[in-house]
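The sequence lines fix the lettering, A, B, ..., with proteins before strands; numbering per chain opens at 1.
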There are 2 protein chains.
Amino acid sequence: MSATPETPTKLQLLELLAAIGTAQWRDFAAAAAHHGLTSTQAKALAQLNGPLPMRALATLLVCDASNVTGIIDRLEARDLVRREPDPADRRVKNVVATDEGREIIRRVREEMQATSGALDTLDADESATLYALLGRLRPGMEKSA
Amino acid sequence: MSATPETPTKLQLLELLAAIGTAQWRDFAAAAAHHGLTSTQAKALAQLNGPLPMRALATLLVCDASNVTGIIDRLEARDLVRREPDPADRRVKNVVATDEGREIIRRVREEMQATSGALDTLDADESATLYALLGRLRPGMEKSA
DNA sequence: GTAAACAATTGATAATGTCAAGCATTCTGA
DNA sequence: TCAGAATGCTTGACATTATCAATTGTTTAC
């Protein structure tokens, strides 16, 4: 057997990447549902590492700003996030995750067992290689069309 | 510099994988919108390599069967899919992509330029390595929770 | 200091999602 | 065989997510 395995076609690689992405999304959505969150709500909560203006959140979620209003309304009704006025610009409202919100999204991430378990099958070298390759891929993929 | 780069923490790897998945989804959704398809419609169309019962499609999309009825209704109204009776089981309706449906999803895939372009930055060896690593990850990730 | 630009919200409407109920068909087992 | 359970799809009721146009309040630019 060769040290360099057969080169996959680009289509094969695209398809495999899509399959991984789909599986990961399923895992995330299932964990979120387990905590009474819709996928969208969980996705929004996952962005809130720090205070974030509504507009910025809309950009991250790639949707209209008016949509974010409703999503945050529902999260706020459950005390998972707060709206805070921005001290520098009175037009802006910053969204902040509450302690409860941070805790719940932490658990969701923790419970992505399919994804987590799959990564456990890689040894240290493989993890490092995968990390390096995906890291090279990332900037190109995040370019705006 | 070392031949074996630093081993990433599992959390770092999870985060990177999530970022790649998100970027890929954005790319797919944008290409779909360019052809007047919602993300969900495109996702449904993408499953139709062959005839597929409504129920099977619901399983693949991880949603209720009644939801699929509406999605397929709208695709059928645009002549992108057809419902065909199953010869072996009269309860079943098989969904089949029309020529137009196959063509439109082919173009959507073709126009995922961010993803495609990112993969172009890898040489043959790197592609092969990435393909092998992701291929090892896949079965574990597709396990049901 | 007025006009343009921007942030967030509201209201209208469509698409997506769940659940419960229904009809038609197939399967199961006594 | 045939009554009842299970299955596949649809419908109806409803909540969520999405987009767009219009509004209000606040900055920014000229």
Check: A:A44 main-chain N/O paired with A:Q47 side-chain donor or acceptor under 3.5 Å: no
A:T98 and A:D79 side chains, donor-acceptor separation under 3.5 Å: no
Contact boundaries on DNA chain C for chain B, cut-off under 4.0 Å to non-hydrogen atoms: C:dA15 to C:dT26
Under 3.5 Å donor-acceptor, A:E142 side chain and A:P139 backbone: no
A:T121 backbone acceptor or donor facing B:R136 side chain under 3.5 Å: yes
A:V92 reachable from A:V96 in the ILVMFWY side-chain graph, under 4.5 Å edges: no
Heavy-atom protein contacts under 4.0 Å, nucleotides 8-18 of chain D, coded B base, S sugar-phosphate only, - none: SSBB----SBB
Side-chain donor or acceptor of B:R83 paired with backbone N/O of B:K93 under 3.5 Å: no
Apart from A:V95 itself, residues in the same hydrophobic cluster as defined by side-chain heavy atoms under 4.5 Å: A:W25, A:F28, A:L37, A:L45, A:L48, A:L52, A:M54, A:L57, A:L60, A:L61, A:V68, A:I71, A:I72, A:L75, A:L80, A:V81, A:I104, A:I105, A:V108, A:M112
